[in-house]
Amino acid sequence: MTIKPILIVPDRRLTQTSQPVSAFDASLTALIDDLRDTLIDCDNGIGLAAPQIGVLLRVFALRIGPDEQEVSPPTIFINPAITHHDEQTETAQEGCLSIPDTFIDITRPQSIQLSYTDEHNQPQSCSARGLFARCLQHENDHLNGVLLLHRLSPLKRRLAVRKVQKSLKPKKNGRPSPK
Ligand code: NI
């Protein structure tokens, strides 16, 4: 069991485009284990994408299913592609493990169709709506180097990054901020 450190903005790896998975080998199995272990270790995390642990491959793990209930172990999505999205949009607050203590209103299509490969190298597709669709789109954005911050104006983005950096600074007694 390996819990990996989660990269925090403004780490440059978070804004790069991840590469498709081409080999279902031992290194992919290790990545899947690391994603699951790291996500399970985060009390407030619903999803985690490989670039967030520094691996620029198109893989993410999600802890909720279509019925918005928790799934255990988290589901793995490899080489996902959104094949259809609803015209109708919905706005809701989103957070991200790579942008601590920050919540941003994001407008997204209400429902999508997603094709992907599962961890057994089988092609899959699913229809998603509501929170499940929102999480799939959030994690898929990570694979394209797109963060919640990219939806803000440059000024608001700089302020948000500064706030995150400030909250991560160690306190005077040397212990990291509990936030
Ligand atoms: Ni995120």
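The figures here come from the full heavy-atom set of this structure, side chains too, leaving out hydrogens, waters and symmetry mates. Both ligands and their constituent atoms are indexed starting at 1 by order of listing.
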Regarding Thr91 and Thr107, is there a side-chain donor-to-acceptor distance under 3.5 Å anywhere?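 Short answer, yes.
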
Side-chain donor-acceptor contact under 3.5 Å, Gln113 with Thr83: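 Judged by distance alone, the side chains do not pair up.
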
Test of understanding: clusters of I, L, V, M, F, W, Y form through side-chain heavy atoms closer than 4.5 Å, transitively. Do Leu62 and Leu97 belong to the same one?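 They do not share one cluster, since no chain of ILVMFWY contacts under 4.5 Å joins Leu62 to Leu97.
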
Linking I/L/V/M/F/W/Y whenever their side-chain heavy atoms sit closer than 4.5 Å, directly or via other members, would Leu143 and Val9 fall into one cluster?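 No, no single cluster joins them.
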
Under 2.8 Å from the Ni ion (ligand 1), which protein atoms of type N, O or S occur, listed by chain and number?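 Protein N/O/S atoms under 2.8 Å of the Ni ion (ligand 1): Cys96 SG, His138 NE2, His142 NE2.
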
For Gln52, run the side chain to side chain contact (heavy atoms under 4.5 Å, CB included) check against Leu35, Leu7, Leu14 and tell me which one passes.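 In the set Leu35, Leu7, Leu14, the residue that makes a side chain to side chain contact (heavy atoms under 4.5 Å, CB included) with Gln52 is Leu14.
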
How close do Asn140 and Pro80 get, heavy atom to heavy atom, and via which atoms?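 Reported closest heavy-atom pair: OD1-CG, 3.5 Å.
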
